[in-house]
Amino acid sequence: MPLDVVTGNHAAGHALSLAGEANRVGRGTACGIYPITPQTEIVERVAAFPFSRGRVVAVESEHSAMGVTMGASASGARAFTASSSNGLAYMVENIMVAGFYRLPIVMVAVNRTLGPPWNIWADQGDTLMLRDFPWVQLYAADNQQVHDLTLLAFRLAEDPRILLPVLVCMDAFIVSHTQAETELASQAQVDDYLPALNLPHRLDPSHPRALGSMVWPAATVSHRKEIDEAMARVPTVIRECRSAFLEIFGRDPGGAMEIFETDDADAILVASATVATTARGVVERRRARGERVGLVTMRLFRPFPADALRAACSPAGRIGVLDRDYAAGVGGIWAQDVRAAFQGRGDRMIQDYLLGVGGGDVTPDLIERIVDDLMARADGDAPVWADLAETWTTAPAAEVDA
Amino acid sequence: MSTDAALVIPEIPCSEECLLREGNTNCGGCGMSLGLNMLARALADADQTCQLAIPACCGIVAAGAFPTTAYSVPTIATTFAAAAAVASGMVAIRDLNGERHQVVCWAGDGGTYDIGLATLSAAAERNEDILYVCYDNEIYGNTGGQRSSATPPGARTTTTPRGKREAKKDIIAIMAAHRIPYAATVSIAHPDDAHRKFLTAFDTVGTRFLLIHSPCPTGWKSEPADSVNLVRLAVRSGLFPLYEVFDGLRYRINARPDGADPAEYFARQRRFPSDAVDLDTTRRVCREGFERLETLAQAFPG
Ligand SMILES: Cc1ncc(C[n+]2csc(CCOP(=O)(O)OP(=O)(O)O)c2C)c(N)n1
Ligand code: SF4
């Protein structure tokens, strides 16, 4: 397969466009688009794509972008969009509804700090804020994963056992604007991977339904319970989508999480996206020194793969969660879910580290300090603001080494 | 109870498969129910079908509770501000699949004049092939009667307890300014005129906007049986002129005010406290408004 050198945004725009085009054998494709840095290049690529059966509607707001996307999806089309940060915040009401309507929409989100004060750099607070809605959330660590997980997202979303929208996330600039070698799919491959969408509950004159009018509490309970059941099926269906992907594209798009050196680990870092990539280097170095440190790279955030995480971390007494986000009054958002996964199931020290918040550099040295802290501390405590110099009173082990 | 001898409820055929079926939750005397039946009659007459996009408003509550629906056509409830955007997506896929049904937004004045205005403006600017119908009851009915920017001056609502001070927004002028192919006011007291306007709208491609003056006995504190008379009085007194605007440029007036005094209109609704409406100003505004329309219709006839 030839390699292209493209940005993460390019990879996402390519995958979205080919997925939309693949549904020319179904009811076509349409999407509403609206720009926001650093995602704009994605929707620009989509707008430039010569769809043979598709329409791209450049609207006046993110709320309407998701509105158009939902109207198209509810009409049985393959539908997608992209956004970021305050754009996602503005879109929130319709994001929620797309999930409640069980519309298999795919949205690529570039993780950017919420503002004001305005800051365009990487921070996952924008998509993590959507955590309680019926959306599957996947976090990519590099351009290839952005591309592959975006395609996988359609297959997952449209599976009749799932029918939930999927969010594919990448870090602002570090991935969105950084060129890297990427295998871009061909239309024929995507046609193979994504068969025509057949949405069972689409607006259909032969079965006139009212989508979303009033319900009583009992029907709402069933609705939420069905969402819960679909969420529970996600890990299994991801596995299937992953093997189908491997067959057609000849490479592994990755699954819900990736475990590295966890088998005998005393201390495990739990991280996602590019922070996890940096953490891996640190873990490799520690291992070379004979230290029993491991890493779990999370790709799936919703549904939260608690069982798999517990299994991956089973030997470790110490877990350090790396959060590039901050939930006011609580701390890291990933850490909350990691803690919940272990709650009442054995005694483990779980410590939350906030790092790279607002897009600050996440250097190997910073993670070295975190590993030192994790191995040395007696107890889990309040979140550690790892970006603040005053947090660290001693030099990091790595510097001493050098 | 009104004792108006001229009370005539128009006969509107309602087959088993009418658009708004039995069991809907609308109040008695609701103008929106009549509006939906007028839409249904026009669809049947034109041999057309429709799909509805309805934002938060009484119009979506009308469907009743899952698993039943009072609407006989595919219907999607949208968020309050999103009807015209969701309809744009529906239109895109309809056209890509060679389907021919009308995509109709059925929205209250809150979803049109207020929260949904930017969405509607954008859809109109793109000239999406949507029939957007605003049933204007001049109030947020669904939430129990708060002001909107369509509420007329003097009207008491739960958020304007002493009567609203601001003027009613001129939504037709706003829509006409988008140069959409067709915008018109509709009164349920003028069913033939309404019927013709629906048919004209069906025959027109692009964004079409119909504004129905829609009595709301619950919010207007009026007698349900008086609904049609009230809106007729609004046309006769010049409070709600009937006219059409083509391409945002050419005007046609459909009914001339006959000099009826708006005072009677106000007196028959308890939403207008007796001291809250400045009658002289209202009479002048009605007169001048109509003169302005006439000037436009003479200079730029439609
Ligand atoms: C974003 C949002 N804000 C507020 C509401 C609450 N709400 C539902 S309907 C409504 C008023 C609707 O008024 P209008 O559009 O005039 O229609 P009517 O109820 O009079 O039929 C409001 C405020 C909502 N559903 N969504
Ligand atoms: S509150 Fe008014 S608009 Fe709503 S259903 Fe009742 S009469 Fe109709």
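Below, chains carry the letters A, B, ... as their sequence lines are ordered, and counting in each starts from 1.
Both the backbone and the side chain of A:Arg27 come within contact range of chain B, each with at least one heavy atom under 4.5 Å from a heavy atom of that chain. For a residue to count as touching a neighbouring chain, one of its non-hydrogen atoms must lie under 4.5 Å from one of that chain's; by this rule B:Val73 touches chain A with the backbone only. Contacts of B:Glu99 with chain A are made by side-chain atoms alone, with heavy-atom separations under 4.5 Å and no backbone atom involved. Of the two parts of A:Thr69, neither the backbone nor the side chain holds a non-hydrogen atom closer than 4.5 Å to a non-hydrogen atom of chain B. The part of B:Ala63 that comes within reach of chain A is its side chain, from C-beta onward, which places non-hydrogen atoms under 4.5 angstrom from that chain. Using a 4.5 Å cut-off between heavy atoms, B:Thr119 touches chain A through backbone and side chain atoms alike. Using a 4.5 Å cut-off between heavy atoms, A:Val97 touches chain B through its side chain atoms alone.
Contact count against chain A (heavy-atom pairs under 4.5 Å) is highest for B:Ala65 among B:Ala81, B:Ala65, B:Ala122, B:Ala92. The greatest number of non-hydrogen atom pairs below 4.5 Å with chain A, out of B:Ala77, B:Pro67, B:Ser88, B:Ser121, is found for B:Ala77. Here B:Gly64 is the residue among B:Ala83, B:Gly64, B:Ala123, B:Ala87 with the most heavy-atom pairs under 4.5 Å with chain A. Chain B forms the most heavy-atom pairs under 4.5 Å with one residue out of A:Ala65, A:Ala30, A:Ala210, A:Ala74, and that residue is A:Ala210. Taking chain B as the reference chain and counting heavy-atom pairs below 4.5 Å, the highest number among A:Ala79, A:Gly212, A:Ser61, A:Ala72 is found for A:Ala72. Among B:Thr69, B:Thr79, B:Ile60, the residue with the largest count of heavy-atom pairs under 4.5 Å with chain A is B:Thr79. Contact count versus chain B (heavy atoms, under 4.5 Å) is highest, among A:Pro208, A:Cys31, A:Gly54, for A:Pro208.
Taking each heavy atom of A:Leu152 and A:Cys241 in turn, the nearest pair found is CG-CB, 3.8 Å. Taking each heavy atom of B:Val103 and B:Arg94 in turn, the nearest pair found is N-NH1, 3.9 Å.
Between B:Tyr135 and B:Asp109, the side chains place no donor N or O within less than 3.5 Å of an acceptor N or O (distance only, hydrogens not considered). In this structure, a donor-acceptor pair under 3.5 Å is absent between the side chains of B:His101 and B:Gln48.
Between A:Phe80 and A:Phe51, the ring-plane angle classifies as tilted under the 30° and 60° cut-offs. Relative ring orientation between B:Trp220 and B:His213 is described as tilted, the plane-to-plane angle lying within the 30° to 60° band.
Taking the centre of each ring, B:Phe209 and B:Tyr182 stay at or above the 6.0 Å mark.
Between the side chain of A:Gln189 and the backbone N or O of A:Ser186, at least one donor-acceptor pair lies under 3.5 Å. Checked by atom type and distance alone, the side chain of A:Asp228 never pairs as donor or acceptor with a backbone atom of A:Arg224 at under 3.5 Å.
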